[in-house]
Amino acid sequence: MNAAKMLESLGGLLASGGVEVVDCSGVLGPETPILQLPPDFAKNTPKVEIHKISEYDEDGPFFAWNWLKLGEHSGTHFDAPHHWITGRDYADGYTDTLDVQRLIAPVNVIDRSAEVAENPDFLLTAEDVKAWEEEHGAIGAGEWVVLRSDWDKRAGDEAAFLNTDETGPHSPGPTPDCIEYLLSKKIVGWGSQCIGTDAGQAGGMDPPYPAHNMLHRDDCFGLASLANLDRLPPKGAILIAAPLKIARGTGSPIRALALVPRG
Ligand code: 23J
Ligand code: MN
């Protein structure tokens with residue numbers, strides 16, 4: 001079938017509900033958990049603020065609208081290559097210069113939610129990804145890879161979501177060899193349901209924050225605080241993850257949408 005016919009079929013399937021659109025974003029607002037780096041190490045993103053301009057009142061008689069105070073890396077969001085020092089030189093590494101053709105792609109959903117329930121510091125390794133591929137099929141070039149941890153179920157409670165104690169944050173993520181393996185498969189990007197693309201303890205890895213360091217080194221993308229991955233199949237869905245076209249932006253909140261075949 002040619003592309004025109006296939007796209008026409010997709011339109012029909014979206015209209016009929018034969019393809020379901022799953023919302024993979026969390027709510028963005030003052031309750032949204034925000035990354036808290038040690039203040040002696042770095043400055044932090046402020047909490048999201050939503051300020052009313054008017055709501056059918058003396059400040060605007062017919063209309064409601066708000067203005068926002070919003071960090072680029074807030075809530076369900078996109079990391080562009082320029083976010084990390086290793087990706088600093090890519091001309092197409094900003095939210096307004098990246099290639100939008102890359103943003104819509106098949107998504108591989110690696111479910112390790114059971115392991116994470118037992119161990120919040122769970123690390124996904126290259127060996128584990130290869131075992132997943134044996135079971136579900138190979139990860140292809142240009143595809144998204146996301147770790148299903150069901151960490152989004154904690155998003156209503158910032159303390160549980162950040163899960164920090166005196167030894168630092170505790171949340172799952174990839175090992176350096178995992179990211180190196182995925183990059184060897186020429187993926188477009190890696191996504192997590194936690195506050196960032198890296199594990200809570202990733203500051204102590206070599207290199208520190210390997211997902212950030214290596215993904216952006218290779219001009220690839222990151223996705224954080226993804227929601228509802230428990231509604232996606234391991235393979236067969238298409239993920240749309242498009243950042244706002246912020247001028248020289250390093251990231252952006254996204255409305256992450258997955259197209260999933262029903263039944
Ligand atoms: C800056 C430094 C460390 C991290 C992050 C940002 C993120 O998670 C992010 O939102 O990109 S871990
Ligand atoms: Mn980020």
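Numbering of ligands and ligand atoms starts at 1, following listing order. Every heavy atom of this structure was used, including side-chain atoms; hydrogens, water molecules and symmetry mates were not.
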Given side chains that start at C-beta, do those of Val146 and Trp190 come closer than 4.5 Å, heavy atoms only?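 No, every pair of side-chain atoms sits at 4.5 Å or beyond.
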
Need the ligand 1 atom indices (1-based, order shown) with element for anything under 4.0 Å from a heavy-atom of [X].
{"X": "Leu37", "result": "2 (C), 3 (C)"}
{"X": "Asp79", "result": "11 (O)"}
{"X": "Gly196", "result": "8 (O)"}

Closest non-hydrogen protein atom to [atom], residue and atom name please, with distance?
{"atom": "atom 4 (C) of ligand 1", "result": "Leu35 CD2, 3.6 Å"}
{"atom": "atom 12 (S) of ligand 1", "result": "His212 CE1, 3.6 Å"}
{"atom": "atom 10 (O) of ligand 1", "result": "His77 NE2, 3.1 Å"}
{"atom": "atom 3 (C) of ligand 1", "result": "Trp84 CH2, 3.8 Å"}

Any salt bridge between Glu158 and Lys47, counting N to O under 4.0 Å? yes

For the pair Glu180 and Arg217, find out whether any cationic side-chain nitrogen is under 4.0 Å from an anionic carboxylate oxygen.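 Yes.
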
Is the gap between the ring centers of Tyr209 and Trp84 under 6.0 Å?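 Tyr209 vs Trp84: aromatic centres under 6.0 Å.
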
For this output row, return yes or no: ring centroids of Phe62 and Tyr56 closer than 6.0 angstrom. no

Closest heavy-atom contact between Ala199 and Pro174? N-CD, 4.1 Å

Looking only at non-hydrogen atoms, find the nearest pair between Ile50 and Gly29 and report the distance.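 Ile50 and Gly29 have their closest heavy atoms at CD1-CA, 4.1 Å.
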
Within-shell test, Phe41 vs ligand 1, heavy atom, strictly < 4.0 Å: no

So, 4.0 Å and heavy atoms of Asp198: is ligand 1 close enough to count as a contact? no

Protein N/O/S atoms closer than 2.8 Å to the Mn ion (ligand 2) number 3

Consider only side-chain N and O atoms of Asp79 and His77, and report whether a donor and an acceptor are under 3.5 Å apart. yes

Determine whether the side chains of His170 and Asp121 contain a donor N or O and an acceptor N or O closer than 3.5 Å. yes

Can you check whether His83 has an N/O within less than 3.5 Å of an N/O in ligand 1?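 Yes - when backbone and side-chain N and O of His83 are compared with those of ligand 1, one distance drops under 3.5 Å.
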
Does Thr250 reach the main-chain N or O of His82 with its side chain, forming a donor-acceptor pair under 3.5 Å?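 It does not hold such a pair.
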
Side-chain heavy atoms nearer than 4.5 Å, only ILVMFWY residues, links allowed to pass through others: does that put Leu239 and Val260 together? yes

